[in-house]
Peer 1: 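Mind looking over this structure? Questions follow.
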Amino acid sequence: MAPFPAAHQIMFLLSVVLVGLLRYAHVIEHYGSSLLNTLGLASGWICAVGLIMVGNFQVDHAKVLHYVGAGLAFPTSMLFLFFQSVLTYRMAKSRGHYWTGHLRSILAVLAFITLIFSILFTAKMQSFVLQHLAALCEWMFIINVLVFYGTFTAEFGGISTDTFLVLLKATRTSKSYKVDGSTPSMSQVHCHLENLAMTRGACWDTDSSCEPQEPG
């Protein structure tokens, strides 16, 4: 493989990974921590690896690796598009935000349709025409995904160093929460044991004072 294509592919992979990280930080800054956001980050990175494999290994030369990359990229791509579309609607505060959500939903639907046709055409690889139609659907799917990534440019215009500070703060808060969450539980155990011991001691003293005394 020539050095230029290799460098170009590495830059593409890093760009997709960086876009996923910026989107993750942007959602934390404006919406807060969310499971959908974490799943979107993971699916976006896995999608990037799969797309690189699809682009590098063509069906005519490396069919197995091509389909491995497709099986890795296409499902995670659909998950990424779904998660980000839902997050867009949840974060929407203006009409423009809702229109962005509509656009992303349309791109997600188009990507899903091309993915279904690609799977159907791939299942009938005996036909030369269907084989090329499957490849065409794959590229249409990839184009939809890339256009979807391009819709983040408007939101990334407001990203600053504060966005990354929020990301670091969220990470540290999560770690400190785990530590603080375990400390009170141990203190509660010790307090419970001390209260139990004091209660038993008080009951023992009461029983002793209440015993009948023999007449002298």
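Given the structure is predicted, the values throughout are model-derived calculations rather than measurements.
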Peer 1: Any chance you could measure Thr88, atom OG1, to His102, atom NE2, to the nearest 0.5 Å?
Peer 2: 11.0 Å
Peer 1: Phe152: what forms a ring-ring contact (aromatic ring centres under 6.0 Å, His included) with it, not counting sequence neighbours?
Peer 2: Phe148, Phe156
Peer 1: Working to the nearest 0.5 angstrom, can you tell me the gap between Leu72 CG and Ser77 OG?
Peer 2: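 Spacing of CG (Leu72) from OG (Ser77) equals 8.5 Å.
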Peer 1: Find the distance between CD1 (Ile28) and CG (Leu41) and round it off to the nearest 0.5 Å.
Peer 2: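 Spacing of CD1 (Ile28) from CG (Leu41) equals 8.5 Å.
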Peer 1: So how far is it from Ile116 CD1 to Ile113 CD1, rounded to the nearest 0.5 Å?
Peer 2: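 So the gap between those two atoms works out to 9.0 Å.
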Peer 1: Considering residues at least two apart in sequence or located in another chain, which fulfil the side chain to side chain donor-acceptor pair (under 3.5 Å) criterion with Tyr31?
Peer 2: none
Peer 1: Show which side-chain atoms of residues 46-54 pair as donor or acceptor with protein atoms under 3.5 Å away, not counting sequence neighbours.
Peer 2:
none

Peer 1: Would Val17 end up clustered with Leu21 when hydrophobic side chains under 4.5 Å apart are linked, directly or stepwise?
Peer 2: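 Yes, Val17 connects to Leu21 through the hydrophobic network.
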Peer 1: Check Ile143, Leu136, Ile142 against Met140 for a side chain to side chain contact (heavy atoms under 4.5 Å, CB included) and give me the one that passes.
Peer 2: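 That would be Leu136.
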Peer 1: How about Thr151 and Leu103: do any of their side-chain heavy atoms sit closer than 4.5 Å?
Peer 2: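 Yes, side chains in contact.
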Peer 1: Side-chain heavy atoms under 4.5 angstrom apart, residues restricted to Ile, Leu, Val, Met, Phe, Trp, Tyr: same cluster for Val86 and Phe80?
Peer 2: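 Different clusters.
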Peer 1: Using salt bridge (Lys or Arg N to Asp or Glu O under 4.0 Å) as the criterion, list what pairs up with Glu155, not counting sequence neighbours.
Peer 2: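 If we apply the salt bridge (Lys or Arg N to Asp or Glu O under 4.0 Å) test to Glu155, skipping adjacent residues, the hits are Arg23, Arg104.
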Peer 1: Return the minimal non-hydrogen interatomic distance between Tyr149 and Gly44, and the atom names on each side.
Peer 2: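 So the minimum-distance heavy-atom pair works out to OH-O, 3.7 Å.
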Peer 1: If only atom types and distance count, is the side chain of Ser118 paired as donor or acceptor with the main-chain N or O of Thr114 below 3.5 Å?
Peer 2: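 Between the backbone of Thr114 and the side chain of Ser118 there is no qualifying donor-acceptor contact (under 3.5 Å).
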Peer 1: Indicate yes or no: at least one non-hydrogen side-chain atom of Leu14 is less than 4.5 angstrom from one of Leu18.
Peer 2: no
Peer 1: Sequence neighbours excluded, which residues qualify as side chain to side chain donor-acceptor pair (under 3.5 Å) partners of Ser94?
Peer 2: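 Ser94 satisfies side chain to side chain donor-acceptor pair (under 3.5 Å) with His97 once adjacent residues are dropped.
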Peer 1: Rest of the hydrophobic cluster containing Trp99 (Ile/Leu/Val/Met/Phe/Trp/Tyr, side-chain heavy atoms under 4.5 Å)?
Peer 2: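 Direct or chained contacts put Trp99 with none.
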Peer 1: Which heavy atom of Gly71 sits nearest a heavy atom of Pro75, and at what distance?
Peer 2: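 Result for this residue pair: O-CD, 3.1 Å.
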Peer 1: Going hydrophobic residue to hydrophobic residue with side-chain gaps under 4.5 angstrom, can you get from Leu79 over to Phe112?
Peer 2: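 Different hydrophobic clusters.
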Peer 1: Are Leu146 and Phe74 connected into the same hydrophobic cluster when the rule is that any two of I, L, V, M, F, W, Y join if their side-chain heavy atoms are below 4.5 Å apart?
Peer 2: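 Yes, Phe74 and Leu146 fall within the same hydrophobic cluster.
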Peer 1: Once side chain to side chain donor-acceptor pair (under 3.5 Å) is applied, do any residues pair with His132, and if so which ones, sequence neighbours excluded?
Peer 2: none
Peer 1: With Trp139, which residues qualify under ring-ring contact (aromatic ring centres under 6.0 Å, His included), at least two apart?
Peer 2: none
Peer 1: Any chance you could measure Leu87, atom CG, to Leu39, atom CG, to the nearest 0.5 Å?
Peer 2: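 Going from the CG atom of Leu87 to the CG atom of Leu39 covers 9.5 Å.
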Peer 1: Output every pair passing salt bridge (Lys or Arg N to Asp or Glu O under 4.0 Å) with a member in residues 26-37, not counting sequence neighbours, ordered by first then second residue.
Peer 2: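 For residues 26-37, and leaving out neighbouring residues, there are no salt bridge (Lys or Arg N to Asp or Glu O under 4.0 Å) pairs at all.
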Peer 1: For Phe141 and Phe117, I'd like to know if the aromatic rings sit close, meaning centre-to-centre distance below 6.0 Å.
Peer 2: no
Peer 1: Suppose we screen for ring-ring contact (aromatic ring centres under 6.0 Å, His included). Which residues come up paired with Phe83, at least two apart in sequence or across chains?
Peer 2: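 Expected list: none.
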Peer 1: Under the side chain to side chain donor-acceptor pair (under 3.5 Å) rule, collect the residues that match up with Ser105, sequence neighbours excluded.
Peer 2: Tyr89
Peer 1: Are Trp45 and Leu81 linked, directly or through other ILVMFWY residues, by side chains that come within less than 4.5 angstrom of each other?
Peer 2: yes
Peer 1: Which distance, rounded to the nearest 0.5 Å, do you find between the CG of Asn144 and the CE of Met78?
Peer 2: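 The CE atom of Met78 is 9.5 Å from CG of Asn144, to the nearest 0.5 Å.
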Peer 1: Would you call Ile119 and Leu115 a side-chain contact if the rule is heavy atoms closer than 4.5 Å?
Peer 2: yes
Peer 1: Can you name the ring-ring contact (aromatic ring centres under 6.0 Å, His included) partners of Tyr24, sequence neighbours left out?
Peer 2: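 With neighbours one apart ignored, the set is empty.
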